[in-house]
Amino acid sequence: MPRADAQRNRDLILTTARNVFSERGPDAPLDDIARNAGVGNATLYRHFPTRRDLLIAVYADEVADLTVKSQELLHHDPPADALFAWLRAFIAHVADKGDLARAIPEDGRSPLFDEWHAAMHAAVAPLLARAQEAGAVRPDLDGPDLLALAGGIATAGAGTPQTDRLLRLVREGITTPVRNPT
């Protein structure tokens, strides 16, 4: 287990890198990240020997955050609202962090991408199943289809109003109509 100060420095570097990469892109100078984190270059490189290591750590944290969010939403009602709240977070993640993922050098990237894709499928599956069990969304829908639709919205590069509209259209297309008793 790392010392408390070492863990604190690692967490500070990751938080700072996440912010700097968001503002300036994945090619931002690592020296700037160290300076903004208030640590020396040696401390940064001790925790993350290469840019690739830092990019992977930042992106892995983002994926972990989405996984946690899915678990938090799993018990929120109504089930369709929980599903679409997570999809909105997923769309924001893909739109905001796609460049970060693509900046990870090719060597060894495929196993990481496979792991991250599996995590996203595992995150959406219980939310979708719960919404289907409640009769809120189509029973023939599956997680890969839903993630593909959400990914398409994210990569369209639309602003928030367009993203909201597209997500609403997807929701209208996959939700089941409320049946009125006759």
Side-chain angles (χ1 to χ4, degrees), residues 14-15 17-19 21-23 25-26 52 54-182:
L14 278 174
T15 299
R18 180 184 289 182
N19 294 335
F21 289 151
S22 289
E23 292 171 10
R52 178 184 185 276
L54 183 57
L55 289 168
I56 288 170
V58 170
Y59 194 80
D61 275 359
E62 297 284 341
V63 170
D65 289 349
L66 276 172
T67 301
V68 167
K69 185 168 187 67
S70 74
Q71 291 303 307
E72 290 169 353
L73 288 168
L74 194 54
H75 305 290
H76 283 66
D77 283 321
D81 288 351
L83 173 63
F84 280 89
W86 187 84
L87 286 173
R88 181 173 304 287
F90 175 78
I91 289 167
H93 162 79
V94 173
D96 294 343
K97 305 300 181 214
D99 289 343
L100 185 65
R102 287 186 293 278
I104 297 169
E106 288 288 330
D107 61 321
R109 185 166 71 176
S110 290
L112 289 170
F113 276 38
D114 291 346
E115 179 183 321
W116 294 331
H117 286 144
M120 293 302 91
H121 287 269
V124 76
L127 291 167
L128 176 59
R130 184 169 174 256
Q132 287 172 322
E133 288 167 8
V137 297
R138 295 169 52 147
D140 62 334
L141 185 66
D142 65 17
D145 290 341
L146 196 52
L147 291 176
L149 289 167
I153 292 170
T155 57
T160 300
Q162 180 75 10
T163 295
D164 291 345
R165 181 176 181 281
L166 292 172
L167 189 56
R168 181 178 45 77
L169 290 170
V170 167
R171 185 172 184 158
E172 289 171 1
I174 68 165
T175 54
T176 55
V178 176
R179 293 185 178 93
N180 291 327
T182 54

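None of these values were measured; they are calculated from a predicted model. The figures here come from the full heavy-atom set of this structure, side chains too, leaving out hydrogens, waters and symmetry mates.
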Q. How far does CD1 of Ile91 sit from CG of Asp96, to the nearest 0.5 angstrom?
A. 11.5 Å
Q. Say you draw a straight line from CD of Glu62 to CG of Leu14; how long is it, rounded to the nearest 0.5 Å?
A. 10.0 Å
(Q) Assess whether a salt bridge exists between Asp81 and Arg171, defined as any Lys/Arg side-chain N lying under 4.0 Å from an Asp/Glu carboxylate O. (A) yes
(Q) Does the plane of the ring in Phe113 sit parallel, tilted or perpendicular to the ring in Trp116? Use 30° and 60° as the thresholds. (A) tilted
Q) Which heavy atom in Pro126 sits nearest to a heavy atom in Ala123, and how many Å separate them? A) CD-O, 3.6 Å
Q | Value rounded to 0.5 Å, distance of NE2 in His76 from CG in Leu127 | A | 11.0 Å
Q) If you measure from OG1 on Thr67 to CD on Gln71, what distance do you get to the nearest 0.5 Å? A) 8.0 Å
(Q) Are the side chains of Val124 and Trp86 in contact, using a 4.5 Å heavy-atom criterion? (A) yes
Q: Verify the neighbour count for atom CZ of Arg138: are there more than 12 heavy atoms of other residues, nucleotides or ligands below 6.0 Å?
A: no
Q: Drop me the distance from Leu147's CG to Met120's CE, to the nearest 0.5 angstrom.
A: 8.5 Å
Q) Quick one: does Leu146's side chain get under 4.5 Å of Leu83's, heavy atoms only? A) yes
Q.
Could you report the tightest heavy-atom contact between Ile104 and Leu55, atom names first, then the distance?
A. CG1-CB, 3.9 Å
Q. Do the side chains of Tyr59 and His93 get nearer than 4.5 Å, heavy atoms only?
A. yes
Q: Compare every heavy atom of Lys69 with every heavy atom of Ala85, then report the nearest pair and how far apart it is.
A: O-CE, 4.2 Å
(Q) Within the structure provided, determine whether Leu54 and Phe21 are in side-chain contact (heavy-atom separation under 4.5 Å). (A) yes
**Q.** Inter-residue atom distance Asp140.CG - Asp145.CG, 0.5 Å rounding
**A.** 8.5 Å
Q.
For Ala103 versus Pro26, what's the shortest heavy-atom pair and its separation?
A. CB-CB, 3.4 Å
**Q.** Side-chain heavy atoms of Leu169 within contact of Glu172, under 4.5 Å
**A.** yes
(Q) What I want to find out is whether Lys97 reaches Asp61 closely enough, with some N-O distance under 4.0 Å, to be called a salt bridge. (A) no
Q) Which atom names give the shortest non-hydrogen contact between Pro79 and Ala131, and what distance separates them? A) CB-CA, 3.7 Å
Q: Answer yes or no: is there a donor N or O on one side and an acceptor on the other, between the side chain of Gln132 and the main chain of Asp142, under 3.5 Å?
A: no
